[in-house]
Amino acid sequence: MTKTMRHGTILFLLACSIGAFSFHTASAQDVVPAPEARPSPMAVAQATLSDGTYIAVRYSSPRKRGRDIFGGLVPLDEVWRFGANEATEITVTQDVTFGGTRVPAGTYALFAIPSEDEWTLILNENLGQWGAFSYDMEADFARVTVPAEESGQIHEAFTVTLEVNDAETAATLSALWDQTRISVPIQAIN
């Protein structure tokens, strides 16, 4: 080894020992910043029936924030994404009836057409939609009409619930927002 090579090796080792060459292993926190909080956070309502049927509704939960909701922010008699952001999706792991209509196991986009006295709930086969902007009626699998009721109190957050009946053979999907409540039965098929 020549004198110059030895000198270079000594300088390299000296530089490493005093930290001139520091190697840092990046962690996820260093590379990916935390996402910003969404004004309409994601939420999930879920239930399992006695026959093992699993039902899940994934939606974004907008807030009232002093706004007029139905007939204001959400126009009446027009297709609505049933929440905020991405279109709401419902998954059933076995065949069920949704408001009396037979629905095969699968995942569907869930839309609504709210009106003053009743809502039409729509199961649509086009998944991954943003809002209802590219809603296509041709992809509707089922439409069910349910009454709209006054809830008797103001619900700040759009909330979807799945409540299982006592026999655990059916669930009621309910949506509450502002002073409105709608419900649709989901029944296991035996």
Side-chain angles (χ1 to χ4, degrees), residues 42-62 69-71 73-153 155 157-190:
M42 293 295 295
V44 176
Q46 55 191 350
T48 303
L49 304 180
S50 61
D51 70 345
T53 300
Y54 174 72
I55 306 164
V57 179
R58 287 171 302 287
Y59 66 102
S60 291
S61 174
I69 300 302
F70 300 108
L73 178 67
V74 178
L76 295 178
D77 304 314
E78 293 182 21
V79 174
W80 173 53
R81 66 182 100 192
F82 203 66
N85 304 322
E86 303 85 1
T88 293
E89 292 183 351
I90 183 170
T91 298
V92 292
T93 59
Q94 296 185 53
D95 294 0
V96 297
T97 60
F98 182 85
T101 300
R102 187 181 181 108
V103 174
T107 300
Y108 303 88
L110 176 57
F111 294 99
I113 301 173
S115 64
E116 286 198 33
D117 299 324
E118 63 185 21
W119 285 26
T120 300
L121 297 178
I122 304 166
L123 298 181
N124 185 277
E125 295 180 309
N126 289 341
L127 300 177
Q129 298 181 59
W130 180 263
F133 302 107
S134 59
Y135 165 76
D136 178 6
M137 183 183 216
E138 297 289 321
D140 287 356
F141 180 81
R143 285 180 170 231
V144 175
T145 301
V146 298
E149 305 168 343
E150 190 169 319
S151 65
Q153 61 183 14
H155 297 273
F158 174 70
T159 304
V160 175
T161 63
L162 282 165
E163 191 172 322
V164 178
N165 71 3
D166 291 337
E168 298 182 354
T169 57
T172 299
L173 183 154
S174 296
L176 301 109
W177 199 17
D178 196 1
Q179 296 181 55
T180 300
R181 176 189 180 100
I182 60 101
S183 297
V184 61
I186 302 173
Q187 176 76 45
I189 296 176
N190 296 324

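Here, residue 1 is the first one in the sequence, and each next residue gets the next number.
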Q | Any residue meeting side chain to side chain donor-acceptor pair (under 3.5 Å) with Ser183, in chain and number order, not counting sequence neighbours | A | Ser174
Rounded distance (nearest 0.5 Å) linking atom [atom1] of [X] with atom [atom2] of [Y]:
X	Y	atom1	atom2	answer
Ile186	Asn165	CD1	CG	11.5 Å
Gln153	Gln179	CD	CD	9.5 Å
Asn126	Met137	CG	CE	13.5 Å
Asp77	Ile113	CG	CD1	8.0 Å
Ile182	Phe82	CD1	CZ	4.5 Å
Ile69	Leu76	CD1	CG	11.5 Å

(Q) Just by distance, no angles: are the side chains of Asp178 and Thr180 close enough, under 3.5 Å, to form a donor-acceptor pair? (A) no
Considering non-hydrogen atoms only, spot the tightest contact between [X] and [Y] and give its length.
X	Y	result
Val44	Tyr59	N-CE2, 4.2 Å
Asp51	Ile189	OD2-O, 4.4 Å
Trp177	His155	CD1-O, 3.3 Å
Ala171	Leu162	CB-CD2, 4.5 Å
Thr48	Val164	O-CG2, 4.2 Å
Arg81	Glu86	CD-O, 4.4 Å

Is there a donor-acceptor pair closer than 3.5 Å between any side-chain N or O of [X] and the backbone N or O of [Y]?
X	Y	value
Ser50	Glu168	yes
Thr93	Tyr54	yes
Gln187	Gly100	no

Q | Within 6.0 angstrom of Gln46 CD, more than 12 heavy atoms from elsewhere | A | yes
(Q) Does Asp117, at its CG atom, have more than 12 non-hydrogen atoms belonging to other residues, nucleotides or ligands within less than 6.0 Å? (A) no
Q: Determine, step by step, whether Gln129 and Asn124 satisfy the side-chain contact (heavy atoms from CB on, under 4.5 Å) criterion, reporting the C-alpha distance in whole Å, the side-chain angles of both residues, the deciding distance to 0.1 Å, and the verdict.
A: CA-CA 10 Å; Gln129 298 181 59; Asn124 185 277; 3.5 Å; yes
Q: Would you indicate whether the side-chain heavy atoms of Thr88 and Val160 approach each other to under 4.5 Å?
A: no
Under the salt bridge (charged side-chain N to carboxylate O under 4.0 Å, His left out) rule, collect the residues that match up with [X], sequence neighbours excluded.
X	result
Arg58	Glu89
Asp140	Arg143
Asp136	none

**Q.** Mutual orientation of the aromatic rings belonging to Phe141 and Tyr108 [parallel < 30°, tilted 30-60°, perpendicular > 60°]
**A.** tilted
Q: Take Ile55 and Leu173 through the side-chain contact (heavy atoms from CB on, under 4.5 Å) test and state the conclusion after the steps.
A: CA-CA 10 Å; Ile55 306 164; Leu173 183 154; 5.8 Å; no
**Q.** Working for side-chain contact (heavy atoms from CB on, under 4.5 Å), residues Phe98 and Leu121
**A.** CA-CA 10 Å; Phe98 182 85; Leu121 297 178; 4.2 Å; yes
Q: Please identify each residue that fulfils side chain to side chain contact (heavy atoms under 4.5 Å, CB included) with Glu118, with sequence neighbours left out.
A: Ser115, Thr145
Q: Go through the structure and list residues passing side chain to side chain contact (heavy atoms under 4.5 Å, CB included) with Asn85, not counting sequence neighbours.
A: Arg38, Ser40, Ser60, Trp130
